[in-house]
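Numbers here simply count residues along the sequence, with the first being 1. Just the heavy atoms: all of them, side chains too, but no hydrogens, waters or symmetry mates, feed the values below.
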Amino acid sequence: MFAKTLWILLAMALFVVPVRAEQIKIAYSGVSASGTPLWLAKEEGIFTKHGLEAELITVRSAPIQVSALVSNEVQFVRGSASSMLTAAAQGAKLKILFSLFAERASYDFLVSPSITNPRDLRGKKIGVQDFSGLLWSLTMLSLREMGLDAQRDNISIQAIGDSTVIAQSLATGIIDAAPLDKLQSVKLQGLGIKVLLDLSRIAFPSSPLMSAESFIQKNPQVVENFIKALIEASTIMRSQKERGLAVLQKHIKVDRPLAEIGYKNLLEDLTPYTFVTVKGLRTVQEIIALRDPKIAKFNVEDLLDQRILTKVVKSGYVEEIERRYKLRPQ
């Protein structure tokens with residue numbers, strides 16, 4: 001009897017087909033604290049655990065991100081709602097899936113020590129990454145909030161590189177102002193750079209995760225696994241400080257005290273998941289419409305596809321994963 005049972009088990013083992021991990025590529029726009037859950041999901045094997053073999057690719061240009069999504073060269077992007085909205089309004093079939101961060105712009109508009117009020121920005125230089133991505137949108141939003149207009153007030157907006165390059169340029173006086181995340185802000189304030197405007201009170205989509213409509217339709221299970229993996233990564237970030245700090249410090253390249261500040265700031269915005277809202281997208285739309293009035297006619301709701309996130313939430317997965325990591329009582 002034992003021999004027969006052993007033979008059956010061996011035969012079953014021979015016919016087990018290993019589950020093939022789905023290969024995905026994820027593009028992100030640059031190095032900032034908001035990228036920590038993504039890096040953690042990759043480096044801690046969370047994507048692999050959810051049946052995904054993920055490759056993370058830095059793609060700093062928003063138009064190239066869009067092109068890569070449309071051509072299926074990458075399957076997901078963590079980037080700027082403004083660039084995706086612009087492309088969608090021009091006919092690209094793109095969708096925002098969700099975010100891991102509260103819907104607010106957790107950035108400061110920073111200025112050199114000589115600038116004491118918004119009027120001092122007239123004739124000055126502001127650094128951005130490109131002319132369609134997040135930092136450009138936040139620059140235009142900041143100018144609007146302060147009653148300024150780039151053309152009227154002779155303000156030069158210059159595309160000079162990613163946030164690290166922008167921070168260095170502001171610190172050395174190459175530019176006079178820039179919107180940067182809270183961790184960069186803390187670092188620069190130690191060098192005498194000042195906060196002219198705190199943007200965190202404004203409803204604004206923060207680090208949304210996006211994909212092409214055709215990919216979502218053909219691969220709903222991959223999308224679901226992707227969402228679950230990042231929810232788990234967020235849970236680890238929120239429940240296990242040292243794991244989160246190690247990843248943040250590795251990529252942001254700061255000392256332990258600054259990493260602690262970055263982690264604290266991150267936790268203020270990090271959520272298990274966030275549904276991107278029409279209200280937040282309309283803020284983005286208003287900014288883009290300043291240079292392209294046709295954008296105002298686009299229905300921003302068409303950019304949202306959060307059905308799979310809704311399914312994951314209704315399944316009880318979030319409660320289950322938070323209990324596993326002791327964020328909820330058993």
Side-chain angles (χ1 to χ4, degrees), residues 21 23-60 74 76-79 98-102 104 106-108 134 162-168 171 180-191 200 206-209 225-274 317-318 320-328:
Q23 306 285 321
I24 61 169
K25 293 181 180 178
I26 307 163
Y28 62 96
S29 53
V31 176
S32 67
S34 59
T36 312
L38 199 61
W39 298 320
L40 187 145
K42 168 67 175 176
E43 294 169 18
E44 297 271 332
I46 307 302
F47 283 129
T48 304
K49 175 181 174 181
H50 288 270
L52 303 172
E53 190 61 43
E55 180 182 354
L56 306 186
I57 305 168
T58 304
V59 180
R60 293 185 171 87
V74 303
F76 300 97
V77 163
R78 181 188 70 80
F98 77 122
S99 176
L100 289 175
F101 294 90
R104 56 176 172 260
S106 292
Y107 282 70
D108 288 330
L134 175 62
D162 66 16
S163 59
T164 304
V165 176
I166 292 170
Q168 291 171 345
L180 289 167
D181 67 42
K182 296 292 186 178
L183 181 55
Q184 292 278 21
S185 178
V186 170
K187 290 169 64 177
L188 289 169
Q189 286 177 62
L191 301 175
S200 62
S206 181
S207 297
L209 292 142
N225 293 347
F226 174 75
I227 290 172
K228 286 181 174 179
L230 286 177
I231 288 174
E232 181 166 358
S234 167
T235 305
I236 293 171
M237 284 290 303
R238 290 177 292 121
S239 64
Q240 299 185 14
K241 178 180 177 180
E242 290 305 319
R243 288 173 79 179
L245 265 175
V247 174
L248 187 150
Q249 194 168 0
K250 173 184 175 182
H251 289 272
I252 304 299
K253 300 188 188 324
V254 293
D255 59 23
R256 175 73 186 214
L258 270 175
E260 292 265 7
I261 293 170
Y263 180 79
K264 179 177 178 293
N265 289 337
L266 196 67
L267 289 194
E268 290 176 0
D269 290 309
L270 189 62
T271 65
Y273 62 88
T274 292
Y317 173 77
V318 177
E320 173 194 333
I321 206 75
E322 290 191 338
R323 278 194 294 269
R324 189 183 307 166
Y325 288 97
K326 297 181 172 54
L327 284 179
R328 289 176 185 256

### Query
For Leu230, does its backbone N or O pair with a side-chain atom of Ser234 as donor and acceptor, under 3.5 Å?
no

### Task
May I ask you to decide if Val165's main-chain N or O and Asp162's side chain share a donor-acceptor pair within less than 3.5 Å?
yes

### CG on Leu267 to OG on Ser239, rounded to 0.5 Å
10.0 Å

### Message
Quick one, Lys228 with Glu232, criterion salt bridge (Lys or Arg N to Asp or Glu O under 4.0 Å). Give me CA distance, side-chain angles, the key distance, then yes/no.
### Response
CA-CA 6 Å; Lys228 286 181 174 179; Glu232 181 166 358; over 6 Å; no

### Query
Do Asp269 and Ser206 have side chains that get closer than 4.5 Å, going by heavy atoms?
no

### Query
What are the two closest heavy atoms between Leu52 and Ala21, and how far apart are they?
C-CB, 4.3 Å

### Task
Find the distance between NZ (Lys49) and CG (Asn225) and round it off to the nearest 0.5 Å.
12.0 Å

### Message
For Met237, is there any backbone N or O sitting under 3.5 Å from a side-chain donor or acceptor partner on Tyr263?
### Response
yes

### Query
So, does Ser29 use its side chain to make a donor-acceptor pair with the main chain of Arg60 at under 3.5 Å?
no

#### Entry: Ion pair check, Arg324 and Glu320, cut-off under 4.0 Å
yes

### Message
I'd like to check Gln184 versus Asp108 (side-chain heavy atoms, cut-off strictly below 4.5 Å). Are they in contact?
### Response
no

### Query
Where is the tightest heavy-atom contact between Leu56 and Leu38, given as atom of each residue plus distance?
CD1-O, 3.8 Å

### For the student: nearest non-hydrogen atoms of Asp181 and Ala33, plus distance
OD2-N, 3.9 Å

### Query
Do Tyr28 and Val74 touch side chain to side chain, with heavy atoms closer than 4.5 Å?
no

### Task
Take Glu260 and Leu245, measure what side chain to side chain contact (heavy atoms under 4.5 Å, CB included) needs, and give me the verdict at the end.
CA-CA 7 Å; Glu260 292 265 7; Leu245 265 175; 4.0 Å; yes

### Check: Lys326 and Gln240 side chains under 4.5 Å, non-hydrogen atoms
no

### Query
Under a 4.5 Å cut-off applied to non-hydrogen side-chain atoms, are Thr274 and Phe98 in contact?
no

### Message
Go through it in stages, so that I can follow the logic: the residues are Leu270 and Phe101, the test is side chain to side chain contact (heavy atoms under 4.5 Å, CB included), and I'd like the CA-CA distance, side-chain angles, deciding distance and then a yes or no.
### Response
CA-CA 5 Å; Leu270 189 62; Phe101 294 90; 3.8 Å; yes

## Note on the structure
Rounded to the nearest 0.5 angstrom, the CD1-CG distance for Ile227 and Leu100 is 10.0 Å

### Query
Stepwise, does the side chain to side chain donor-acceptor pair (under 3.5 Å) test hold for Ser185 with Gln189?
CA-CA 6 Å; Ser185 178; Gln189 286 177 62; 2.8 Å; yes

### Message
Contact between Ile24 and Glu53 at the side-chain level, heavy atoms closer than 4.5 Å - yes or no?
### Response
no

### Query
Passes salt bridge (Lys or Arg N to Asp or Glu O under 4.0 Å), Arg243 versus Glu43? Steps please.
CA-CA 11 Å; Arg243 288 173 79 179; Glu43 294 169 18; over 6 Å; no

### Query
Can you name the nearest heavy-atom pair linking Arg328 to Glu322, along with the distance?
NE-OE1, 2.7 Å

### Message
Do Tyr317 and Pro272 make a side-chain contact, defined as non-hydrogen atoms from C-beta onward lying under 4.5 Å apart?
### Response
no

### Query
Are any non-hydrogen side-chain atoms of Ser200 and Lys182 less than 4.5 angstrom apart?
yes

### Query
About how many Å separate CD1 of Ile26 and OG1 of Thr58, when rounded to the nearest 0.5 Å?
12.0 Å

### Task
Would you give the length of the straight line joining atom CD1 of Ile236 to atom CD1 of Ile231, rounded to the nearest 0.5 angstrom?
12.5 Å

#### Entry: Ala27 versus Val59, closest heavy-atom pair with distance
CB-CG2, 3.8 Å

### Message
Can you tell me how far apart NE2 (His251) and CG (Leu40) are? Round to the nearest 0.5 Å.
### Response
9.0 Å

### Query
Between Ser32 and Arg78, what is the shortest heavy-atom contact and its length?
OG-NH2, 4.2 Å

